[in-house]
Structure formats: structure tokens, C-alpha cells
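No hydrogens, no waters, no symmetry mates; every other heavy atom, side chains included, goes into these values.
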There are 2 protein chains.
Amino acid sequence: MTTTSTTPQPTAASTSTGATGNTSAKPAVSSSSSSASITNVAALANVSTATVSRVLSGKRAKDDDIARRVRAAAEELNYSVNYAASALRSDVTNTIGLIIPSATDPLSAQLLDELEPLTDVDSQQLLLGIGATQEKQEERIESLIARNVDGLIIVTAPGAELAATLERHARQIPIVQVGGRQRSFRTSMVSIDDNAAMEMSVRHLAESGVRSVAYLANHDMSFESAELFAMFHTQVRSYALYTDRAWNQFGEKTVQRGFHCTMRLFGDALDRSGRDDLYRLRPEALICCDDTVAFGAMVALDALGLAVPGDVRIIGYGDSPLALTTMPPLTSVRPPVKQIVAEALRLIAAGPAAPAHITLPPQLVARGSTGD
Amino acid sequence: MTTTSTTPQPTAASTSTGATGNTSAKPAVSSSSSSASITNVAALANVSTATVSRVLSGKRAKDDDIARRVRAAAEELNYSVNYAASALRSDVTNTIGLIIPSATDPLSAQLLDELEPLTDVDSQQLLLGIGATQEKQEERIESLIARNVDGLIIVTAPGAELAATLERHARQIPIVQVGGRQRSFRTSMVSIDDNAAMEMSVRHLAESGVRSVAYLANHDMSFESAELFAMFHTQVRSYALYTDRAWNQFGEKTVQRGFHCTMRLFGDALDRSGRDDLYRLRPEALICCDDTVAFGAMVALDALGLAVPGDVRIIGYGDSPLALTTMPPLTSVRPPVKQIVAEALRLIAAGPAAPAHITLPPQLVARGSTGD
DNA sequence: TTGTAGGCGTTATCAC
DNA sequence: GTGATAACGCCTACAA
């Protein structure tokens with residue numbers, strides 16, 4: 001079939017061929033060269049470029065002989081659309097912008113790994129911007145918008161206020177913020193319900209018979225931290241657990257911080273063990289803002305001769321690969337990365353006119369550090 | 001100055017204006033709308049679109065009155081080029097493709113964080129592909145090539161053989177492989193000199209007075225692992241250290257693996273301490289293929305009551321943030337990420353005609369785990 | 001349903 | 001050095 005179509009035809013084929021680079025008197029396409037254009041496919045399939053365009057972009061109902069001929073021709077010429085030309089004409093770039101604070105940020109990395117395969121099946125591509133400060137993130141937003149991305153997903157850097165910048169573009173393209181505080185009813189937002197995580201954590205501990213608990217909180221200059229800190233106290237009260245003002249402190253998300261906090265927390269109360277009210281002198285459980293902190297805490301407890309989960313139960317956050325490798329394995333809060341990505345893509349597909357705010361609950365993965 | 005140019009001019013300005021969307025009898029550009037086109041700028045600056053293009057793309061020597069007028073007009077209209085149109089005409093997309101096995105791979109993440117800011121200053125953008133297998137990486141290569149990226153950087157997945165796929169495109173665009181084995185003289189390659197790292201590590205240990213050493217090697221289905229294993233033995237011999245066939249094993253890059261290997265390695269030899277030839281029964285130092293492995297080893301040694309660096313010295317690989325937070329801090333091999341990125345961008349700028357193979361030495365960062 | 005033709009915004013080429 | 005003009009490859013009214 002395809003061989004017969006090489007015969008020159010007086011109608012569409014010849015005209016199209018005349019419009020190509022053939023004016024330079026060379027065959028426009030060498031057998032497997034990289035760039036065949038739509039006119040070559042049209043000529044080979046003996047149809048017009050319009051038909052080729054319609055068939056290949058799926059804007060044509062039937063799957064008749066013509067459609068098959070076009071696809072065969074495209075395949076034979078190893079044709080793929082020129083995205084630049086396509087974008088120029090149709091204002092759709094098949095490109096999604098993603099802005100993250102850093103690739104070494106665990107949540108961002110997980111999002112990347114989940115997001116990329118999904119965009120690929122849509123034959124879309126990810127345009128990446130990295131910025132850890134408000135200023136850099138704003139720069140990247142402008143850069144990606146200037147590239148005419150079809151949608152923008154932003155993992156807000158801690159403390160960044162992007163609402164003003166985003167609102168300027170929210171009418172043009174769909175924007176989805178992941179995390180972050182300020183809400184705008186022009187942009188979409190998908191966030192993790194950390195309050196729910198806190199509720200799950202405290203409940204899990206209460207149900208396991210713990211009487212007192214401490215919270216090694218995160219200090220990242222954001223209001224969420226403070227809100228979560230309050231939520232901790234609310235939940236502790238509601239489950240009738242004990243806590244102490246001095247136990248609960250803000251700090252970094254590092255192993256070292258977990259170690260030092262824990263040493264301070266338990267070191268003083270060691271020689272009083274055996275007392276009836278021991279649970280009021282030192283916590284029977286730790287809730288940590290990050291797995292690394294929990295890890296440091298476990299090392300410290302080990303050094304102090306306290307057993308996990310026997311003497312102290314521990315809950316981390318992030319469900320990093322680390323959590324599986326500790327001894328015992330670490331109970332941790334797993335962020336709903338898959339759902340976040342799915343919702344973000346759905347909102348982008350829905351377009352800029354339908355912003356929504358979605359909050360997704362994480363999952364508490366119970367492991368050895370809170371019981372056997 | 002800019003105000004005077006609003007006067008209609010019979011020459012260029014009027015013609016250009018006629019060519020724009022003004023045929024619809026509306027002002028084409030509202031004051032701060034997103035999309036002003038080159039014709040608007042030309043009209044406002046009272047020059048031709050060709051001149052605007054030349055000025056803004058820097059293909060014009062002088063910085064005279066015309067140039068300033070053009071820039072002022074572009075600024076006033078908030079103009080930025082349409083990348084699609086530019087790419088269509090000039091075949092330059094100002095886009096670099098990056099393919100990595102996973103964003104959670106530490107080296108890839110570090111590369112991303114270093115690379116993105118550098119591409120941005122060139123007003124280029126990163127198009128990201130993720131693929132952990134040979135097949136997926138090949139898919140992503142084809143996708144990005146189809147997008148007409150100006151260059152391609154690939155962090156080869158362990159065990160992937162991309163030479164055949166890459167050679168097909170190596171004439172069209174510059175390709176830089178980071179790591180990986182198979183070399184092609186058509187594509188560029190930037191790799192880490194892990195043999196040098198091994199040499200540094202063994203020498204560092206020898207100089208600190210260690211008499212025997214074990215190697216917890218990486219098993220990732222690649223030939224590099226085997227080569228490095230051989231290099232370890234060569235170096236051990238050349239520095240007259242002792243090692244034992246049973247000590248050195250391939251395995252995963254996890255905390256758990258480091259823990260178990262170390263328990264096995266030292267557990268049996270514990271009760272023999274005090275013997276003269278103790279250093280032949282258990283190693284006085286560990287070289288680990290990864291910081292996580294080293295970390296597991298440290299936990300195990302702690303559990304066994306052996307001191308670091310007193311009884312055993314430890315060297316990790318990767319210089320992850322973790323390395324700073326262990327107690328004592330971990331001596332580790334730092335991959336030359338900055339140099340890798342710089343070389344990769346340089347090779348891409350040089351074009352497809354000048355492939356090169358570059359090997360960069362890492363840096364041994366000495367910390368507490370190998371001495372005080 | 002199919003083909004024709006015009007134009008998307010930019011840059012390369014050519015005259016001047 | 002500048003301006004007019006012709007592509008770049010594709011999509012999509014519109015006409016057939």
C-alpha cells in the first residue's frame with residue numbers, strides 16, 4: 001500500500017510536496033532522518049496535511065482506510081510533530097511547569113518521581129524550576145509562564161508568600177499550589193491535612209496505652225508549625241494525656257536535633273525511674289516532625305539504655321526510606337503523594353476557571369517503634 | 001523619548017502596526033497584558049521588527065539610541081519573546097533535557113539543585129525526564145529529542161546501556177552522559193573517578209596507622225562495582241594492608257545492610273580481643289560504598305561496644321547531609337557535583353561536534369570517624 | 001468528510 | 001546597519 005503512494009499524484013500530494021523543502025531539489029527526507037514534516041506524511045499517505053493533522057491528533061472519528069494509511073506513513077517516516085510549530089499555532093505547549101524548593105527536599109523528590117510518569121503518558125513534559133526562597137520562586141514562576149506552560153504546580157518554599165504573583169497569572173493558566181499557607185480563590189491548592197496527622201498520631205499513642213507524650217516540632221518560619229503545635233495540645237487534652245510545656249520545643253529537622261532534644265528530655269529523669277509518677281517526669285512517647293528527628297531520638301534513647309517501644313514509643317513524619325531501616329522500624333506519617341499528584345493533574349486539566357482547595361489526609365504507617 | 005515615538009510615522013511604524021492585530025480595530029495590547037508581540041515593540045520604538053529582534057537577541061554591536069529605544073519599548077510593553085515562534089524559526093529551543101533515574105537518588109538530586117540555577121542564568125529551561133530502567137530512559141531520551149532540546153544530560157541508571165540509542169542522535173545535538181559505563185566517541189561523558197576515591201580512602205586509612213581494612217561494596221549490576229572491588233584490593237596491597245576475602249562483600253546501599261554486615265563481621269571476633277593478631281581477625285577500618293551503609297555500621301559498632309574511630313575507622317561515600325550528623329561525624333567521599341555540572345554545560349555549549357570524556361576526582365572529606 | 005489557504009511570532013536572507 | 005519579505009511547521013476556519 002505504502003509503495004503505491006510514492007507515485008506522484010496531481011492533486012494534494014504534488015502541491016504539498018511543492019510546499020516543502022523540495023525547492024532545494026533534494027529529497028526532503030532521508031530514510032530515517034530525524035525530521036519529517038507533516039507535508040511528507042501527507043504526500044506519502046496521499047491525503048492533505050489537514051487530514052494528517054486531524055488523524056494524528058485524534059480529531060477524527062472513524063478508523064477507516066485513510067486513517068490507517070496516514071498512521072502507516074507517519075510510522076514509516078518516523079514522523080513526530082514539531083512542538084514549537086504546534087504550540088505557535090494552537091497555544092498549547094503540552095508542557096507542565098513544576099517549581100520546587102529543592103530536589104533534596106524529600107516531599108519534592110517524591111512528587112517528582114510520581115508526577116513525571118503521569119505527565120509522560122499524556123505526552124506532556126515537565127519543565128522544572130527550583131527556588132528555595134520567595135524571590136527565586138517568583139522568578140521561576142515568571143520564567144515558566146513566559147514559556148507558556150499549560151499549567152503550573154508549585155511546592156511552596158517555607159515562608160514564601162506567592163499569592164500576589166500567582167494571582168496575576170491565575171486567569172491565564174491553571175495553577176496548583178502544594179502546601180503553603182495563603183489561600184487564593186483564583187488558584188488551586190492541594191495540601192496535606194497535618195492536623196489530621198496529628199490527631200491520628202495522638203490517638204494511636206493513646207490507644208496503645210501511653211500516658212504522656214512530647215512533641216519535637218518543626219521550626220520553619222511558617223504559621224503551620226504554630227497551628228500544628230496548638231493542634232498537638234488540643235489532641236493531647238482530648239485524649240486525656242499528659243504533656244509538659246518544657247518537653248515540647250521547635251527546632252530543626254535533623255538527626256542531631258533529635259538526639260540532643262532527647263538527651264535533654266530523658267537525661268535528667270533517668271535516676272528517678274521506678275517512681276509512680278515517672279510518666280509525668282519524662283514522656284512515654286515522642287511525636288517527631290520528621291523521620292530524621294525521630295532517628296536521632298532513637299539513637300539517643302539507645303545510648304541512654306531506654307528501650308523502644310518498651311520505655312518510649314516514637315512516631316516520625318515523612319515515611320522516608322530511613323524509617324524501614326531503623327531498629328525497630330519507625331512508625332511514621334506518610335504524605336499522600338500519589339493523591340496529591342493525581343489531584344494536581346486533574347485540576348490542571350480542568351483549566352484556570354475551576355480553582356479548588358483540596359486537603360488530603362496522610363496515612364499513619366504503624367511499625368515497631370510504637371508497639372510490636 | 002518614548003512619548004515622542006507614539007506619533008504615527010509614515011515609514012516603518014505604520015506598516016508594522018498595520019501588520020498586527022490592529023486589523024480587528026482594537027488596540028492590540030492593553031497596558032500590562034501578558035502578550036505583547038515583537039510588532040508592538042517595533043511600532044513603539046519606531047523601528048522594524050528585524051531590528052527589535054537583533055537588539056534583543058544581542059546580535060547587534062552598538063548600544064546606540066536605537067538600541068535603547070527598543071529596550072525601553074520592550075520594557076514598557078512587558079514584552080518577552082514567544083519561545084515557540086522563536087524555536088520554530090531558529091531551531092533553538094533554549095531548553096536542556098535532563099534524564100535521571102530518580103529524584104530520590106542523592107546524586108541526581110544534587111545535580112538538579114546545582115544545574116537548575118545555572119541554566120536559568122542562560123535563560124534556558126530544564127526539561128526533566130525520569131527513568132530508572134534502560135527501557136524507560138530510552139523512552140525519555142526519545143521524548144526529549146522530539147522536543148528539540150538543545151542538549152541532553154543523562155544520569156545513566158545502574159546497568160543501563162544507552163550507547164546505541166544515544167549514537168542515533170549524537171550528530172544532531174550534544175549529549176553528555178554522567179556516570180555509566182559504555183563509552184561512545186560520539187557522545188560526551190563526565191564521570192566520577194571512583195578509582196581515585198578508592199585510592200584516597202585507602203591511603204587516608206594507611207596514613208592513620210590502620211593495619212587492616214574491609215570493603216562493604218555496592219552491588220548494582222554494573223561493571224564499575226567489580227572494577228572498584230578490584231581497585232580496592234590493588235590499593236590495599238600497594239599500601240601493605242591486610243584484608244580478608246570473607247570480609248569484603250557486595251550488597252545494597254541501605255542502613256540495614258551496613259548493620260547486618262558489621263554485626264557479622266565483628267560479632268564473631270569480639271571474644272578474641274586482646275590477641276596480637278586481632279587486626280587479622282577483624283578489620284580496623286571499613287570502607288563503605290554509601291553513607292547509609294556506613295551509618296548502619298556505626299550503629300552496629302555502637303551496639304557491640306566498639307568505638308569509632310578508636311577501635312574501627314569508617315569511611316562513607318556520597319557526603320550526604322547525614323554524614324555531618326552522626327557521632328562522630330562521618331568521613332566521606334564527596335562527589336564533584338559542581339564540576340560535573342559545569343563541564344556538562346560547557347560540553348553542551350560546545351555542540352555535538354566536540355564530544356569529550358572527562359573524569360573528575362572526588363574529594364575525601366576527613367571527619368571524626370577516621371581520627372580526631 | 002476532505003482539501004485549501006491563511007496566519008501564529010519570530011528570525012534569516014536579501015536588498016538597500 | 002536597517003527594513004521588507006519570506007519562510008519555519010502546524011492548525012483550523014472555511015469552502016467544496
(message) Less than 4.0 angstrom between a side-chain N/O of B/S86 and OP1 or OP2 of C/dT11, yes or no?
(response) yes
(message) Taking atom CZ as the centre, does A/R68 end up with more than 12 heavy-atom neighbours from other residues, nucleotides or ligands that are less than 6.0 angstrom away?
(response) yes
(request) Check the distance between C/dG7's C1' and B/R89's CZ and give it to me in whole angstrom. (result) 15 Å
(request) Respond yes when some side-chain nitrogen or oxygen of B/S48 is under 4.0 Å from OP1 or OP2 of D/dA4, and no when none is. (result) no
(request) Among B/T93, B/I173, B/D122, find the one that has a side-chain contact (heavy atoms from CB on, under 4.5 Å) with B/D150. (result) B/T93
(message) Is the phosphate of C/dT10 approached by B/Y79 (side-chain N or O, under 4.0 Å from OP1 or OP2)?
(response) yes
(request) Verify the contact: side-chain N or O of B/S90 to OP1 or OP2 of C/dT11, cut-off strictly under 4.0 Å; return yes or no. (result) no
(request) Tell me which nucleotide among D/dG9, C/dT10, C/dT4 gets nearest to the side chain of A/A85. (result) D/dG9
(request) Would you indicate what B/R60 reaches in the nucleic acid, counting non-hydrogen atoms under 4.0 angstrom: base, sugar-phosphate, or nothing? (result) sugar-phosphate
(message) Side-chain N or O of A/K59 versus OP1/OP2 of D/dT12: is the shortest distance under 4.0 Å?
(response) yes
In a table with atom names and distances, give each donor-acceptor pair under 3.5 Å that connects a side chain of residues 129-136 of chain A to protein atoms at least two apart or in another chain.
residue : atom : partner : partner atom : Å
A/T133  : OG1  : A/K136  : N            : 3.1
A/Q134  : OE1  : A/E161  : N            : 3.1
A/Q134  : NE2  : A/E138  : OE2          : 3.2
A/Q134  : NE2  : A/E161  : O            : 3.1

(message) Which nucleotide wins on minimum distance to the side chain of A/A50, given the candidates D/dA4, D/dG9, C/dG3?
(response) C/dG3
(request) By nearest nucleotide on DNA chain D, pick out whichever of B/I66 and B/L88 is the more 5' one. (result) B/I66
(message) Quick one: does any side-chain atom of B/H357 pair with a main-chain N or O of B/T187 as donor and acceptor, under 3.5 Å?
(response) yes
